[in-house]
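Before any comments, here is the structure.
Just so it is clear: chains get the letters A, B, ... in the order the sequence lines come, proteins before strands, and each one is counted from 1. Bear in mind that the values here come from a model prediction, so they are computed numbers and not experimental data.
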2 protein chains.
Amino acid sequence: MSTAHGARARARIEVTAAIKEEARRQLAAEGAARLSLRAVARELGMVSSALYRYFPSRDDLLTALIIDAYDSLGESAEGAHDAAASPFERWITVCEAVRGWALDHPHEYALIYGSPVPGYTAPDTTVPAAARVGLLLIGIARDAHQGPAPDRPALADDLRPEAERMAADLAPDLPPGAVTALVAAWAQLYGLVGFELFGQFNRVVEDRETFFRHAVGRLALGVGLVPGPG
Amino acid sequence: MSTAHGARARARIEVTAAIKEEARRQLAAEGAARLSLRAVARELGMVSSALYRYFPSRDDLLTALIIDAYDSLGESAEGAHDAAASPFERWITVCEAVRGWALDHPHEYALIYGSPVPGYTAPDTTVPAAARVGLLLIGIARDAHQGPAPDRPALADDLRPEAERMAADLAPDLPPGAVTALVAAWAQLYGLVGFELFGQFNRVVEDRETFFRHAVGRLALGVGLVPGPG
DNA sequence: CAAAAACGAGAGCAGTGCTCTTGCATCGGC
DNA sequence: GCCGATGCAAGAGCACTGCTCTCGTTTTTG
């Protein structure tokens with residue numbers, strides 16, 4: 001089989017892990033644009049050309065780091081998630097976990113939600129990891145809609161086809177209007193996080209934690225989650 | 001003094017403009033990370049070291065491009081702005097202008113609203129240009145609040161100090177709750193634009209124009225703007 | 001007119017991603 | 001156990017990059 005095949009295979013996974021670890025350290029310290037293959041190799045005591053045996057290009061190394069970052073963020077969000085709480089509280093908790101992770105890993109956040117690296121397009125392998133937070137938010141909305149449906153303004157005619165298509169794709173058991181609001185809230189959440197992280201709130205918002213909690217609370221209302229018991 | 005004296009000063013402005021023009025072209029074509037001083041100089045038929053007489057570093061050239069990008073975006077938004085329309089319609093128009101500009105200038109949008117270039121912090125000179133769209137949105141909200149105040153949920157106690165501080169800073173004539181909603185909507189607008197531009201909506205949102213118009217319409221509602229006549 | 005400042009050109013330094021070749025260690029089939 | 005195929009590290013090298021310094025030349029200024 002593949003696992004026990006000698007010391008060679010074992011060494012390969014160890015070196016691969018060491019490269020990613022060192023690369024992640026440089027990424028956290030300096031940012032994606034300053035991540036240098038040669039510096040990683042130098043720090044690991046190997047020569048730069050040897051590193052290409054493990055990652056055929058710098059972009060491939062970046063892709064691995066991107067997937068790891070998505071997974072780390074998804075894990076944080078899922079870990080903060082208390083399934084016993086009310087949907088509204090769970091929404092707030094997940095949003096705060098996303099913000100907290102972003103503040104703890106600014107460069108990794110920038111890597112996945114900031115400007116894409118030029119000449120680089122994320123391969124499809126990143127999609128599942130990238131979807132984790134979204135799926136979590138969909139799950140919360142789904143639980144909330146088990147109860148009585150809040151009155152939601154009727155769907156405008158021109159939005160209806162797209163809303164129904166999105167609902168069919170993402171959450172067939174939810175009303176199309178709720179799914180549309182959910183996707184918008186999902187994007188808007190990252191607007192709030194990104195503005196804080198990238199300095200756009202400098203000299204504008206001071207008490208960012210409180211501001212954020214209220215903003216995502218209003219986002220939750222838009223999705224149909226209600227505070228209070230239940 | 002430095003101004004207007006002789007052919008040297010004139011040449012300096014011309015060369016500076018040519019550098020920025022060529023740099024902007026490369027920026028649009030390849031993205032900020034691939035913007036190369038040497039390539040700009042080569043294209044202009046000068047040697048790379050000569051370019052340092054005009055921009056002391058690559059970051060200084062980037063700063064100039066950032067300011068230009070903010071101004072270009074601000075101009076687009078202000079140009080699309082029809083002062084005769086209703087505040088709600090004006091809000092939608094400005095948001096759509098921001099989105100349109102972003103789709104037309106993706107790399108420049110990424111430069112100002114994407115990940116900050118590592119090791120680079122925007123100097124204060126960018127602030128006025130960066131504030132233009134925000135000021136435009138504030139103006140729309142101000143006009144809307146000339147009329148009867150819509151009923152808005154009371155400010156939560158923990159948010160009140162920050163909300164009042166923001167209102168005092170940004171729009172003393174607006175209720176603190178409206179200013180808070182406005183700042184949040186401002187950030188959320190860029191979440192919507194960024195997600196579309198950076199590919200997060202791939203395989204999720206198809207009819208992005210319609211989706212966007214409705215999402216920013218709901219944003220407007222949150223700020224207290226109402227559709228229909230008025 | 002002479003001193004000073006601005007300028008273009010070139011060489012050079014340290015760094016980058018990436019490729020190619022050269023030996024050596026390990027592995028699988030006989 | 002041997003032997004050819006494969007995996008791997010090392011080094012040299014290419015074409016770049018940002019940036020600095022020096023050296024004449026030109027323009028501006030006092």
Side-chain angles (χ1 to χ4, degrees), chain A residues 1-20 22-23 25-27 29-66 111 116-121, chain B residues 1-20 22-23 25-27 29-66 111 116-121:
Chain A
M1 299 300 292
S2 66
T3 47
H5 261 245
R8 190 139 245 174
R10 180 188 308 270
R12 182 167 184 85
I13 29 185
E14 272 176 18
V15 174
T16 306
I19 291 173
K20 285 211 294 183
E22 176 60 32
R25 174 158 46 240
Q26 291 195 14
L27 174 64
E30 301 274 9
R34 293 200 176 172
L35 172 64
S36 149
L37 275 180
R38 294 182 106 112
V40 170
R42 195 184 311 132
E43 210 68 22
L44 261 52
M46 57 170 81
V47 89
S48 73
S49 60
L51 212 147
Y52 284 83
R53 301 260 175 202
Y54 300 88
F55 294 93
S57 84
R58 185 177 176 276
D59 283 358
D60 290 272
L61 179 53
L62 273 180
T63 298
L65 295 180
I66 285 175
L111 184 63
V117 180
Y120 169 84
T121 50
Chain B
M1 297 296 294
S2 62
T3 51
H5 270 241
R8 188 136 248 178
R10 179 187 311 270
R12 183 167 185 86
I13 326 187
E14 275 176 16
V15 173
T16 306
I19 292 173
K20 285 212 294 185
E22 176 59 32
R25 173 159 47 239
Q26 292 195 13
L27 175 64
E30 299 275 9
R34 292 198 177 174
L35 172 64
S36 148
L37 274 182
R38 293 183 107 113
V40 171
R42 196 183 309 131
E43 211 68 23
L44 261 51
M46 56 170 83
V47 88
S48 74
S49 61
L51 210 148
Y52 284 82
R53 304 265 179 203
Y54 300 88
F55 294 93
S57 84
R58 184 178 177 275
D59 282 358
D60 290 272
L61 178 54
L62 273 181
T63 299
L65 295 180
I66 286 175
L111 184 63
V117 180
Y120 168 84
T121 51

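Residue B:A32 comes nearest to B:R58 through the heavy atom pair O-NH2, 2.7 Å, listed as atom of the first residue, atom of the second, then distance. Residues A:A41 and A:S48 come closest through the heavy atom pair CB-CA, 3.7 Å. The shortest non-hydrogen separation linking A:I19 to A:F55 is CG2-CE1, 3.6 Å. Here the shortest heavy-atom pairing between A:A39 and A:S36 reads N-OG, 2.9 Å. Scanning both residues, B:V40 and B:A23, for their nearest heavy atoms gives CG2-CA, 4.0 Å.
Side-chain contact between A:L51 and A:L44 is absent, with no heavy atoms from C-beta onward closer than 4.5 Å.
Regarding B:R34, its CZ atom lies at a distance of 13 Å from the P atom of C:dG17, rounded to whole Å. Rounded to whole Å, the distance from CE on B:M46 to C1' on C:dA6 is 14 Å. Distance, A:L51 CG to D:dA9 P: 9 Å, rounded to whole Å. Put simply, CZ on A:R42 is 14 Å from P on D:dA10, counting in whole angstrom units. The CG-P distance, from B:D60 to D:dG18, rounds to 13 Å in whole Å. One can place CG of B:L35 at 7 Å from P of D:dG18, the figure rounded to the nearest angstrom. Atom-to-atom, CD of A:E14 to P of D:dC8 comes out at 13 Å; the value is rounded to the nearest Å. Rounded to an integer number of Å, the gap from A:L44 CG to D:dA9 P is 11 Å.
Between the side chains of A:S57 and A:D60, at least one donor N or O sits under 3.5 Å from an acceptor N or O.
Phosphate contact (OP1/OP2 of C:dC7, side-chain N/O of B:R12, threshold under 4.0 Å): present. At D:dA9, one or more side-chain N or O atoms of A:Y54 fall inside 4.0 Å of OP1 or OP2 (strictly under the cut-off). For A:S36, a side-chain nitrogen or oxygen approaches OP1 or OP2 of C:dG17 to under 4.0 Å.
Note on B:F55: nothing from the nucleic acid sits closer than 4.0 angstrom, heavy atoms only. Counting non-hydrogen atoms under 4.0 angstrom, B:L61 reaches nothing in the nucleic acid.
Between the A:R53 side chain and the A:R12 main chain, no donor and acceptor come within less than 3.5 Å of each other.
Not counting sequence neighbours, the partners of B:E22 by the side-chain hydrogen bond (donor to acceptor under 3.5 Å, both in side chains) test are B:R25, B:Q26.
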Quick one: which protein N/O atoms are closer than 3.5 Å to N/O atoms of nucleotides 18-21 of chain C? Pair and distance per line, please.
unit_1 : atom_1 : unit_2 : atom_2 : d
C:dC18 : OP2    : A:Y52  : OH     : 3.2
C:dC18 : OP2    : A:R58  : N      : 2.7
C:dC18 : N4     : A:R38  : NH1    : 3.3

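Pairing analysis of DNA chain D (Watson-Crick: purine N1 to pyrimidine N3 plus N6-O4 or O6-N4; G-U wobble: N1-O2 and O6-N3; both under 3.5 Å) yields stems of 3 or more pairs at C:1-30 with D:1-30.
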